[in-house]
2 protein chains.
Amino acid sequence: MTVKRNTWQREAVREALDSRDGFVSAQGLHQGLRDAGSHIGLATVYRTLADLANVGEADSLQSPEGESLYRACASTGHHHHLICRNCGLTVEIAATEVEVWAKKTASDHGFTDARHVVDIFGLCPACTAASA
Amino acid sequence: MTVKRNTWQREAVREALDSRDGFVSAQGLHQGLRDAGSHIGLATVYRTLADLANVGEADSLQSPEGESLYRACASTGHHHHLICRNCGLTVEIAATEVEVWAKKTASDHGFTDARHVVDIFGLCPACTAASA
DNA sequence: CCCGTAATGATAACGGTTATCAATCCGAGA
DNA sequence: TCTCGGATTGATAACCGTTATCATTACGGG
């Protein structure tokens with residue numbers, strides 16, 4: 001079966017992710033690593049992020065523009081995000097209330113295997129002040 | 001100022017959208033029109049759909065894969081969707097409960113100008129039965 | 001019926017993401 | 001510690017959805 005190896009690249013991506021406050025695009029993270037002197041390849045960043053995402057070490061979502069964004073989240077369980085559309089600042093939200101609603105709504109209509117997308121995009125306090 | 005012209009192409013896109021039950025991609029709709037004998041161009045379909053969307057005649061959302069999907073919705077106001085990820089069948093949902101939650105959550109954290117993305121993807125009754 | 005101009009459409013360009021494939025290097029076993 | 005197989009990497013080409021280009025078409029007010 002598939003073996004997981006520890007390469008410095010994988011570690012670099014993990015660290016780079018951890019050092020960020022909000023969501024980043026694969027390209028953005030790659031750029032940041034290059035700027036920091038790393039010679040990591042773009043394809044590797046894409047692969048590693050996708051991998052971390054479905055292993056549960058990172059969360060991913062699509063920006064309103066259709067880009068895939070990633071983030072190393074503190075909470076390990078299922079949760080949602082409140083994201084600043086200007087600076088990317090992200091707040092993790094546990095929305096039990098919405099969780100229940102989504103499940104109920106789906107089953108009320110006979111839908112099975114329901115997954116939901118629930119994210120809030122706005123302007124954080126700092127950016128709100130700055131744009132005033 | 002900008003004048004809106006009535007071309008047969010615009011009308012064709014509107015009709016094609018209305019004749020569908022669920023969300024469709026621009027390419028899908030274009031293909032359908034071509035199959036029906038229309039000689040409409042792909043670029044026009046994209047332009048028209050985008051236009052209908054921000055005029056409010058159509059709703060748009062991003063599929064989990066990042067494609068833009070469109071739909072002519074019955075309800076004119078703000079609402080959400082329960083979508084079959086297999087056949088595209090869509091149910092419109094008025095989620096006052098979630099609306100309130102989103103607004104409260106945002107302001108609790110000092111976020112302003114909040115917009116939210118709330119969609120549920122699952123398998124409709126028919127597709128659930130078919131995949132069993 | 002005319003004419004200015006918005007709309008169209010074939011196609012090129014674009015931007016993000018994934019596939020390719022030879023070179024590399026991790027690490028289990030000897 | 002050394003070896004060797006196969007997972008991983010990375011430069012680049014290919015993909016795919018979407019948007020821009022621009023010459024041509026045709027809507028519709030006068």
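Below, chain A is the first sequence line, B the second, and so on; all start at residue 1.
One interatomic measurement links the two molecules: CD of Glu67(B) to C1' of dG17(D), which rounds to 7 Å at whole-angstrom precision. Arg10(B) has its CZ atom 7 Å from the P atom of dT8(C), to the nearest Å.
Formation of a donor-acceptor pair under 3.5 Å by the Gln9(B) side chain with backbone atoms of Thr44(B) is not found in this model. No side-chain donor-acceptor contact under 3.5 Å links Thr112(B) to the backbone of Gly110(B).
Regarding contacts with the backbone of dG17(D), every side-chain N or O of Ser25(B) stays at 4.0 angstrom or more from both OP1 and OP2. Side-chain nitrogen and oxygen atoms of Gln9(B) include at least one within less than 4.0 Å of the OP1 or OP2 phosphate oxygen of dG9(C). Put simply, Thr7(B) has no side-chain N or O that comes within less than 4.0 Å of OP1 or OP2 on dA6(C).
The aromatic rings of His81(A) and Phe23(A) lie perpendicular to each other, with more than 60° between the two planes, well past the 30° mark.
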- Dot-bracket for DNA chain C, 5' to 3', with Watson-Crick and G-U pairs under 3.5 Å, [ ] for crossing pairs and | for other-strand pairs: what is it? ||||||||||||||||||||||||||||||
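Within a heavy-atom distance below 4.0 Å of DNA chain C, the residues of residues 42-60 of chain B found are Ala43(B), Thr44(B), Arg47(B).
With respect to Asp21(B) and Arg71(B), no salt bridge is recorded, no charged nitrogen being found less than 4.0 Å from a carboxylate O. With salt bridges taken as basic N to acidic carboxylate O contacts below 4.0 Å, one links Arg115(B) and Asp113(B).
If you check dG10(D), dG17(D), dG9(C) against the side chain of Ile40(A), the one that comes closest is dG10(D). When distances run from any side-chain atom of Arg5(A) to the nucleotides dT17(C), dC27(D), dT8(D), the shortest one goes to dT8(D).
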